[in-house]
K.L.:
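Following this message is one structure expressed as structure tokens.
Values below: every heavy atom of this structure, side chains too, minus hydrogens, waters and symmetry copies. These figures come from a predicted structure and were not determined experimentally. Here, residue 1 is the first one in the sequence, and each next residue gets the next number.
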Amino acid sequence: MDLMKDFFLEANPNPERIGCPEERTLRALAEDRLPASHPARLHLASCSECFAEFRGFRGDCEQSRNARRRIIVWAVAASLIFATGVGIWAYRHSRAAQMSAVQIAATKPVSANVDLFNAGTVRGEDDDANALKQVSLPVSIVQLSVTLPRFSESGHYEVLVSRDKLGNEVVAKGAGEAVADAGKVIVGVTLDLRSAKPGAYFLATVRGSDNGMYYYPVQISHGAF
């Protein structure tokens, strides 16, 4: 093919440019804007000068087409990259919003009540000592109101949540002043249970310097409230 092109570039010199078509016609031929039967196309085979111009215009046309293709490819690639980036940003933003909502929900205090008025007050590790229906608390900051067992006295109390009945492995602790109200003694404390894993625990109360601990079963759950 290159030998044939070289042949037409030299085989038919026409320095006087006799019968040559206009430059715009040669350019239109190079850009395939004229039909294959156009007379100027036949002229190329008999005029080396016109063939040389035609080849120059054809080269310019191919470069322009290649440049447009590259622009289109880069534009498509840039669009894909942008769309991917937007998708990743949207996903991360959504996840961050969800995590923020969870964190806000976890830091918003939740009110809860535990009624121990009819619970036993026997100390120690006797499994049958405190026949209390198990209560549930959420994994959150809990503003807890505890109605203490019958015959409890007013004063300063500590309330804690632990893994065992002796107050070991404490996951939350709060303190408050117990006051009498309508024949019952009630103490309010704040317990931070956000670090507690869902499961079975014990709720214990301790009055002032009294080393005795009264324990009651409690369940901590994500869906408690």
Side-chain angles (χ1 to χ4, degrees), residues 86-225:
V86 170
I88 293 174
W89 177 85
Y91 172 77
R92 290 181 175 176
H93 182 72
S94 176
R95 287 289 296 170
Q98 292 175 2
M99 292 299 295
S100 178
V102 170
Q103 291 173 353
I104 291 173
T107 57
K108 183 179 180 180
V110 175
S111 297
N113 298 293
V114 174
D115 189 350
L116 306 178
F117 187 73
N118 293 316
T121 57
V122 179
R123 306 179 186 180
E125 298 183 77
D126 184 356
D127 289 335
D128 298 324
N130 299 308
L132 174 72
K133 182 179 178 180
Q134 190 177 69
V135 296
S136 295
L137 296 175
V139 177
S140 183
I141 297 176
V142 180
Q143 291 180 338
L144 185 64
S145 177
V146 181
T147 300
L148 296 171
R150 193 186 305 269
F151 308 121
S152 294
E153 298 180 10
S154 301
H156 187 79
Y157 279 79
E158 280 192 347
V159 177
L160 56 88
V161 176
S162 63
R163 275 291 188 182
D164 63 18
K165 303 171 185 178
L166 297 178
N168 297 319
E169 297 185 50
V170 175
V171 296
K173 179 187 292 186
E177 295 297 322
V179 296
D181 183 15
K184 297 182 178 180
V185 178
I186 301 172
V187 60
V189 298
T190 299
L191 299 177
D192 188 351
L193 298 173
R194 289 176 297 178
S195 62
K197 296 181 179 179
Y201 292 81
F202 291 93
L203 178 72
T205 62
V206 183
R207 178 177 176 274
S209 59
D210 184 357
N211 292 325
M213 183 177 297
Y214 305 101
Y215 60 88
Y216 311 90
V218 64
Q219 187 76 18
I220 295 179
S221 172
H222 282 300
F225 282 74

K.L.:
If you look at every heavy atom in Ala200 and Gln219, which pair is closest and at what distance?
P.N.:
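It is CA-OE1, 3.7 Å.
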K.L.:
Looking at Ala178 and Leu148, what are the two nearest heavy atoms and their distance?
P.N.:
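Residues Ala178 and Leu148, closest heavy atoms: CB-CD1, 3.9 Å.
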K.L.:
Mind checking whether Leu203 and Leu144 have side chains closer than 4.5 Å, heavy atoms only?
P.N.:
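Counting from C-beta outward, Leu203 and Leu144 do come under 4.5 Å.
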K.L.:
Are Leu116 and Thr147 packed together at the side-chain level, in the sense that at least one heavy-atom pair is separated by less than 4.5 angstrom?
P.N.:
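No, side chains not in contact.
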K.L.:
Test: salt bridge (charged side-chain N to carboxylate O under 4.0 Å, His left out). Region: residues 176-193. Which pairs qualify, not counting sequence neighbours?
P.N.:
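Checked against salt bridge (charged side-chain N to carboxylate O under 4.0 Å, His left out) - neighbours excluded - the pairs reaching residues 176-193 are Asp192-Arg194.
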K.L.:
What are the two closest heavy atoms between Pro198 and Ser221, and how far apart are they?
P.N.:
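Closest approach of Pro198 to Ser221, heavy atoms only: CB-CA, 4.4 Å.
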K.L.:
Could you measure the distance from the OG atom of Ser136 to the CD1 atom of Ile220? Nearest 0.5 Å is fine.
P.N.:
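Reported value, rounded in 0.5 Å steps: 9.5 Å.
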K.L.:
Give, for atom OH of Tyr216 and atom CG of Asp115, the distance between the pair rounded to the nearest 0.5 Å.
P.N.:
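Between atom OH of Tyr216 and atom CG of Asp115 there are 11.0 Å.
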K.L.:
CD1/Ile186 to OH/Tyr157 distance, rounded to the nearest 0.5 angstrom?
P.N.:
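One gets 12.0 Å once the value is rounded to the nearest 0.5 Å.
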K.L.:
So, using salt bridge (charged side-chain N to carboxylate O under 4.0 Å, His left out) as the criterion, who are the partners of Glu153 when residues are at least two apart?
P.N.:
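Arg207.
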K.L.:
Rounded to the nearest 0.5 Å, how far does NZ of Lys173 lie from CG of Leu191?
P.N.:
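Atom-to-atom, Leu191:CG and Lys173:NZ are 11.0 Å apart.
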K.L.:
Which atom pair, heavy atoms only, marks the closest approach of Val171 to Ser195?
P.N.:
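Closest heavy-atom pair between Val171 and Ser195: O-OG, 4.2 Å.
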K.L.:
Could you tell me which non-hydrogen atom of Phe202 sits nearest to which non-hydrogen atom of Arg163, and how far apart they are?
P.N.:
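Looking at all heavy atoms of both residues, the closest pair is CD1-O, 3.6 Å.
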K.L.:
Taking all non-hydrogen atoms of both residues into account, name the closest pair between Ser162 and Asp164 and its distance.
P.N.:
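Closest approach of Ser162 to Asp164, heavy atoms only: OG-O, 2.7 Å.
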K.L.:
I'd like to check the side chain to side chain donor-acceptor pair (under 3.5 Å) partners of Gln143; sequence neighbours left out, ordered by chain and number.
P.N.:
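For Gln143, no residue satisfies side chain to side chain donor-acceptor pair (under 3.5 Å) once neighbours in sequence are set aside.
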